[in-house]
Amino acid sequence: MTRSFRDNADLQNLQGDAIVDLWELDLTPIGATGNDRFVRFCNWTVADGQPVAFASRQYVAIPMKATGFLLQTDGVPASPLLTISNIGLEFTGLVNEWNDLIGARVRRTRVLARHLDGGTDPDGNAHWPIETWYIQQKESEQKLLVSFRLSTAFDLDGVTLPRRRALRYTCPWVYRSEDCSYTGGAVANAEDEAVTDLADDVCGKRLASCRLRFGNNDLPFGGFPGLNL
């Protein structure tokens, strides 16, 4: 019996066992390097207050809510909303440093509590298939909460930019990098509102953001993902 069939059998016969969502925010696609490129968190706490661990990786337990993860075979692709506690302003720091985290990769791993490293039946291979999503936009940011809209991993056009896969309507390039190639003056902030100070100049990673900088001409990096330009 394959791992997935075994896990689904567990799901149908839980007998009180809890399902734990483990999340990994990967900043590699937006330019981060080293160990700091991963932020791991979860919706679960253990009784003794120790960090939640699975397959030797630790996840910080923080209040959060995830909705809209239903995948469909037709119609509009899923666009989940991930709302995370911003206590300590950790996510505000990440948002400010990494352009609202647009383009960052989010992995969701679902496991039964008993298969956690500290569970009654530890098993680092016992999980449902890992889901991969990307942050499409910052939905809202408050003192206590920050919300992100995600793009489904299946919402792809088959368009491939050099050495990386392209998400529909989301630019993967680091703003003002060699790949982006924009070197002009200040234009707009992440919400496409006009600015004059270079410190406030942040690309919104949308087609409209590119148009503000390059006009209606062909984009220098070969077109915007998901559109025939």
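Because only heavy atoms are used, hydrogens play no part in the values below, and waters and symmetry mates are left out as well, while side chains stay in.
Put simply, the side chain of His115 gets close to the backbone of Asp121: a donor and an acceptor are under 3.5 Å apart. Checking side-chain atoms of Asn189 against main-chain N and O of Glu191 turns up a donor-acceptor pair under 3.5 Å. Using modelled atom types, one side-chain atom of Asp123 and one backbone atom of Asn125 make a donor-acceptor pair closer than 3.5 Å. At least one donor-acceptor pair closer than 3.5 Å links the side chain of Arg149 to the backbone N or O of Ser79. Counting only distance, with no hydrogens or angles, the side chain of Asn43 and the backbone of Asp21 share a donor-acceptor pair below 3.5 Å. A donor-acceptor contact shorter than 3.5 Å links the side chain of Arg176 to the backbone of Gly184. Of the possible donor and acceptor atoms, one in the side chain of Asn86 sits under 3.5 Å from a partner among the backbone N and O of Gln142. With hydrogens and angles ignored, the 3.5 Å screen pairs a side-chain donor or acceptor of Asp201 with a backbone N or O of Ala188.
Within the 4.5 Å cutoff, side-chain heavy atoms of Leu116 are placed close to those of Val20. Within the 4.5 Å cutoff, the side chain of Ile30 has heavy atoms near those of the Leu101 side chain.
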Between Val106 and Ile135, is the side chain to side chain contact (heavy atoms under 4.5 Å, CB included) condition met? List the steps. CA-CA 7 Å; Val106 177; Ile135 293 179; 3.9 Å; yes
Mind running side chain to side chain contact (heavy atoms under 4.5 Å, CB included) on Phe54 and Cys42 for me, showing each step along the way? CA-CA 11 Å; Phe54 181 70; Cys42 67; over 6 Å; no
Residues Val39, Asp26; criterion side chain to side chain contact (heavy atoms under 4.5 Å, CB included); working and verdict: CA-CA 7 Å; Val39 179; Asp26 183 1; over 6 Å; no
Passes side chain to side chain contact (heavy atoms under 4.5 Å, CB included), Thr92 versus Glu141? Steps please. CA-CA 8 Å; Thr92 289; Glu141 181 183 356; 2.9 Å; yes
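Side-chain atoms of Thr28 and Arg37 form a donor-acceptor pair, as typed in the model, at a separation below 3.5 Å. Residues Glu24 and Thr109 have side chains that never bring a donor and an acceptor to within less than 3.5 angstrom of each other. When only modelled atom types and interatomic distance are considered, Glu139 and Ser147 share no side-chain donor-acceptor pair under 3.5 Å.
The CG atom of Leu81 lies 7.5 Å from the OG atom of Ser140; values are rounded to the nearest 0.5 Å. Interatomic distance, CD1 of Ile62 versus OG of Ser85, reported as 6.0 Å (0.5 Å rounding). With values rounded to the nearest 0.5 angstrom, Leu150 atom CG is found 5.5 Å from Leu82 atom CG. Put simply, CD on Gln136 and CG on Asp100 are 13.0 Å apart, with the number rounded to the nearest 0.5 Å. Atom OG1 in Thr33 sits 10.0 Å away from atom CG in Leu27 (nearest 0.5 Å). Here Thr83 contributes atom OG1 and Leu144 contributes atom CG; the two are 12.5 Å apart, rounded to the nearest 0.5 Å.
The aromatic rings of Trp23 and Phe41 sit parallel to each other, their planes meeting at less than 30°, with 60° as the upper class boundary. Ring geometry, Trp133 versus Phe69: the interplanar angle exceeds 60°, so the pair is classed perpendicular (tilted spans 30 to 60°).
Contact check on Arg57 versus Asp117 returns no salt bridge, with no Lys/Arg side-chain nitrogen under 4.0 Å from an Asp/Glu carboxylate oxygen.
Scanning all heavy atoms of the two residues, the minimum distance from Val146 to Phe91 falls at CG1-CB, 3.6 Å.
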